[in-house]
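Let me begin by presenting the structure, written as C-alpha cells, before commenting on it.
Per chain, numbering begins at 1; letters A, B, ... match sequence-line order. A quick note: this is a predicted structure, and the numbers were derived from the prediction, not measured.
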Amino acid sequence: MADDKKLTKRADDFSAWYNETVLRAELADYSPVRGCMVIRPRGYGIWERMQHQLDTVFKETGHENAYFPLLIPESFMRKEAEHVEGFAPELAVVTHGGGKKLDEPLVIRPTSETIIYAMFSKWVQSYRDLPLLINQWANVVRWEMRTRLFLRTLEFLWQEGHTAHATEAEAEEETRKMLNVYRDFMETYMAMPVITGIKTESEKFAGALRTYGCEAMMQDNKALQAGTSHNLGQNFAKAFDVKFQTEAGDVAYAWNTSWGVSTRMIGGLVMTHGDDNGLIVPPLLAPIELVIVPIWRTDEDKVRVMEAAEKIKTSLTGWERRKSGKLRIHLDNREGIKPGAKYYEWELRGVPLRLEFGPRDLDANQCVLVRRDNRVKRTVTLESIGEDVADLLSVIQTDMQVAAYERREANSVRGGISYDDFKTLMEGKGGFVYAGFCGSAKCEQEIKEETKATIRCLPDEEFRSAVAPTTCLKCGGKSVAEALWAKAY
RNA sequence: CGGGACGUAGCGCAGUCCGGUAGCGCACCUGAAUGGGGUUCAGGGGGUCGCGGGUUCGAAUCCCGCCGUCCCGACCA
C-alpha cells in the first residue's frame with residue numbers, strides 16, 4: 001500500500017489486492033491468534049444473507065436444524081479408518097479441563113460426522129425413522145499450516161448437512177440434490193457460476209464413497225472449491241452402528257450423506273467480482289444495496305437536500321421485491337467529508353448502487369444513480385425512483401453473473417491440448433483445462449508435481465465438451481473420463 | 001518444520017550500521033472555512049520502541065535467549 005488511498009492493482013499482485021480489499025472493506029481482521037480471523041459486521045452481514053437464503057432452501061427441502069457439540073471424544077475420530085487418516089494431521093485436541101488432565105482427550109470438531117452418526121444410531125430404529133434430514137450451522141477447527149482470510153483459517157463457520165436414508169439410491173439422490181442447491185445459490189445469489197462434478201479418489205472426502213463439488217474460477221484463473229456434497233455410503237453407519245429394521249423385517253445399515261459450504265464463499269465472492277477499486281457485492285447478498293450520498297454547498301442547501309434525501313430513503317425503503325425483500329438503504333449523512341471521498345469509500349465496500357442527490361437534482365426533481373459494477377451514471381426522475389432502483393439492482397445482479405460466466409469461459413480451454421502447452425499455460429496465466437484422463441492416480445500425481453494443477457472434478461455432463469477427449473492429458477493412454485484441470489486454492 | 005523478511009502511536013514507516021531528550025505520514029480529537037470524484041488551515045491527544053536477560057554512566061540502537069507476524073516451500077473447505 002504505497003499510496004494510502006489506492007489498493008494494489010489486481011494485475012500487479014492479486015494476492016495483495018485480495019488481502020487489502022478484505023481488510024479495507026472491513027470484512028474481516030486478523031486475530032491475536034495466528035491463522036484465526038475476526039469477521040467484522042460488513043463481512044458477517046454478507047454471511048447472514050448467505051445463511052438466510054440457504055437455510056430457507058434447506059427447510060424447503062425438508063431439513064431441520066439441530067446443534068451438536070464442539071467437543072468430540074478422540075476415540076470417535078478413530079472409528080472410521082479413512083476419516084481418522086484424513087483428519088489426524090489437522091486436529092486441535094483438548095487435553096485438560098478444570099485444571100486436570102482429561103482421561104480421554106477431546107477433539108475440537110474438524111467436521112461432525114462422528115458425533116452426529118453416533119447420535120443417529122440412537123435415533124434410528126426403523127425404516128419409519130428415515131430419512132433423517134439434519135443440518136447444523138457451526139464453527140469448525142482445522143489446524144492448517146498456511147492460512148488466508150476467509151479462504152483458509154484455523155477456525156471457520158459453515159453449515160453441515162447430515163442425512164440418513166434407507167437405500168443407496170435415496171442417499172445418492174440427496175447428495176446430488178444438495179449439490180444443486182449449492183449450485184443454484186452460487187449462480188443466482190452470488191452471481192458466481194460453478195462447474196459441478198465428481199471428485200477423484202485423491203480429492204475425495206476422507207470417509208466418503210463419492211464426493212461432488214462446485215468449482216468456481218477466480219480472477220487469477222485459479223479454481224476455488226466453493227461447496228462439497230458427499231455420498232458417505234454405509235461407511236459411517238457401519239462405524240457408528242446406524243442400523244434400522246426394514247419393512248421386510250431385516251436389519252440394515254443406513255446410507256448417509258453430508259454436505260457443506262463455509263465462510264470461504266465470502267472469499268470467493270471477493271475474488272469473483274472485486275475490481276481495482278475494491279469489493280463489488282451482488283445486490284442479492286449486499287447488506288446495503290443502495291447508498292444515498294447527499295451533496296450541498298450552503299447551509300440552506302444542506303437543510304433542504306437532507307430533508308429531501310430522508311424522504312427518498314423512506315419512500316424507497318418501502319419497496320418490497322420477491323427475492324431480496326425490502327430495499328436495504330443507507331443514507332450517508334456524515335458532515336465534513338466531501339462527496340467524492342464518500343464515493344470512494346462506498347465503492348471500496350462494494351455497495352452495488354449509489355444515489356447522488358444535490359441541490360441541482362432537488363430543483364429538477366431528479367437524482368443520479370451510479371452502478372458499482374461498471375460505474376455507469378444515469379440521471380433519473382424521482383417520480384419513478386423505486387422502479388428504477390429495483391430494476392437496476394436486478395440488472396446489476398444479472399450482469400455480474402454474465403460477466404463472471406464470460407470471464408470463466410474466456411479462460412477455459414477445451415478440446416485437445418498437448419501436455420507441453422498445458423504446462424506452459426499453468427506456468428503462465430492458468431485457467432480451466434478440460435482434458436482426457438486415463439483414471440490412474442499416478443498421472444494425476446505427476447501432473448500435480450510438475451504443474452501444481454489438480455483435477456478439480458470430473459465435470460457433470462452439461463459441462464463436458466461436445467466431443468469427448470479420447471486420450472489422457474499426461475500419458476496419452478485411453479481416456480476414461482473428461483477432467484477439469486486447474487490450479488486451486 | 002525448512003528458507004527469507006520483519007516487530008517503534010490505531011495503521012504504514014524512519015531512526016539501529018556509528019549508544020546520548022522517540023520522530024514522520026495517514027488516521028483520530030477541537031475550531032473555522034470547504035462541499036457535484038479522495039478539502040484546506042490552525043491547534044491537540046496518543047508510545048512498557050515484541051518479551052526477558054546482559055554490556056554500559058547511559059540501550060529502540062550492541063550481545064545472548066525467547067515469543068510473534070508476514071512471504072516462499074511440504075498439508076488443505
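Nucleotides C6(B) and G12(B) are separated by 15 Å at their P atoms, to the nearest Å. Rounded to whole Å, the P atom of A5(B) lies 39 Å from the corresponding atom of C29(B). A gap of 15 Å separates the C1' atoms of G7(B) and U48(B), to the nearest Å. Comparing the P positions of G20(B) and C70(B) gives an interatomic distance of 33 Å, to the nearest angstrom. For the P atoms, the distance from G47(B) to G36(B) is 37 Å, rounded to whole Å. Using C1' as the reference atom, U69(B) and C57(B) are 37 Å apart when rounded to the nearest Å. Between the P atoms of G53(B) and A59(B), the separation comes to 13 Å (whole Å). Of the C1' atoms belonging to C49(B) and A32(B), the separation is 37 Å, rounded to the nearest Å.
Across all strands shown, C41(B) pairs with G31(B); the Watson-Crick or G-U wobble distances both stay below 3.5 Å. Partner assigned to G46(B) is none, using Watson-Crick or G-U wobble distances below 3.5 angstrom. With both pairing distances under 3.5 Å, G20(B) is matched to C57(B) as a Watson-Crick or G-U wobble pair. In this structure C6(B) sits in a base pair with G68(B), meeting the Watson-Crick or G-U test at under 3.5 Å. Base-pair partner of C1(B): G73(B) (Watson-Crick or G-U wobble, both distances under 3.5 Å).
Distance CG (L149(A)) to P (C70(B)): 9 Å, rounded to an integer number of Å. Rounded to an integer number of Å, the gap from N19(A) CG to G12(B) C1' is 16 Å. Distance, W296(A) CH2 to A33(B) P: 15 Å, rounded to whole Å. The distance from atom CG of D276(A) to atom P of G38(B) is 19 Å, rounded to the nearest whole Å. Rounded to whole angstrom, the span from the CG atom of D363(A) across to the C1' atom of G36(B) amounts to 13 Å. The CG atom of L23(A) sits 16 Å away from the P atom of U69(B) (whole-angstrom rounding). Between the CZ atom of R148(A) and the P atom of G73(B) there is a distance of 12 Å, given to the nearest Å. The OH atom of Y344(A) sits 12 Å away from the P atom of G36(B) (whole-angstrom rounding).
Taking the six-membered ring for Trp and thresholds of 30 and 60 degrees, H162(A) and Y117(A) have ring planes more than 60 degrees apart, a perpendicular arrangement. Note on ring orientation: taking the six-membered ring where Trp is involved, the planes of Y189(A) and F185(A) are parallel (angle under 30°, cut-offs 30° and 60°).
Applying the ring pair (Phe, Tyr, Trp, His ring centres under 6.0 Å) rule to H330(A) yields the partners W346(A); only residues at least two apart in sequence or on another chain are considered.
Heavy atoms of L224(A) sit nowhere under 4.0 angstrom from any nucleic acid atom. Residue E144(A) is classed as a base contact, given a heavy-atom separation below 4.0 Å to a base. Here G336(A) lies in heavy-atom contact (under 4.0 Å) with a base. Nucleic acid contact for R375(A): base, since at least one base atom lies under 4.0 Å from a heavy atom of the residue. Note on V368(A): a base of the nucleic acid sits closer than 4.0 angstrom, heavy atoms only.
In the set G36(B), A77(B), U39(B), the nucleotide with an atom closest to the side chain of I295(A) is G36(B). Among G38(B), C75(B), G37(B), the nucleotide with an atom closest to any side-chain atom of K377(A) is G37(B). In the set A77(B), G37(B), G36(B), A77(B) carries the atom at the smallest distance from any side-chain atom of T153(A). Listed nucleotides: G35(B), C75(B), G37(B). Nearest to the side chain of M145(A): C75(B). Taking every side-chain heavy atom of Y343(A) into account, G37(B) is the closest of G37(B), G38(B), G35(B).
For R349(A) and E26(A), the salt-bridge test passes: some basic side-chain N is under 4.0 Å from an acidic carboxylate O. Classification of R183(A) and E187(A) as a salt-bridged pair holds, one side-chain N sitting under 4.0 Å from a carboxylate O.
Counting distance only, with no hydrogens placed and no angle test, the side-chain atoms of E347(A) and the base atoms of G37(B) include a donor-acceptor pair under 3.5 Å. With hydrogens and angles left out, the side chain of D301(A) and the base of G35(B) share no donor-acceptor pair within 3.5 Å.
Between K338(A) and G36(B), a side-chain N or O to OP1/OP2 separation shorter than 4.0 Å is present. K452(A) has a side-chain polar atom (N or O) that falls below the 4.0 Å cut-off from OP1 or OP2 of G73(B). Taking side-chain N and O atoms only, R360(A) has no distance below 4.0 Å to OP1 or OP2 of G36(B).
Nearest-nucleotide mapping onto RNA chain B: of F156(A) and P339(A), the residue sitting toward the 5' end is P339(A). Along RNA chain B, the nucleotide nearest to E90(A) and the one nearest to S31(A) differ in position, and the one closer to the 5' end is contacted by S31(A).
For F236(A) and H83(A), the distance between ring centers is under 6.0 angstrom. The aromatic ring centroids of H52(A) and W47(A) lie 6.0 Å or more from each other.
Heavy-atom contacts from other residues, nucleotides or ligands closer than 6.0 Å to CD of E48(A) number more than 12.
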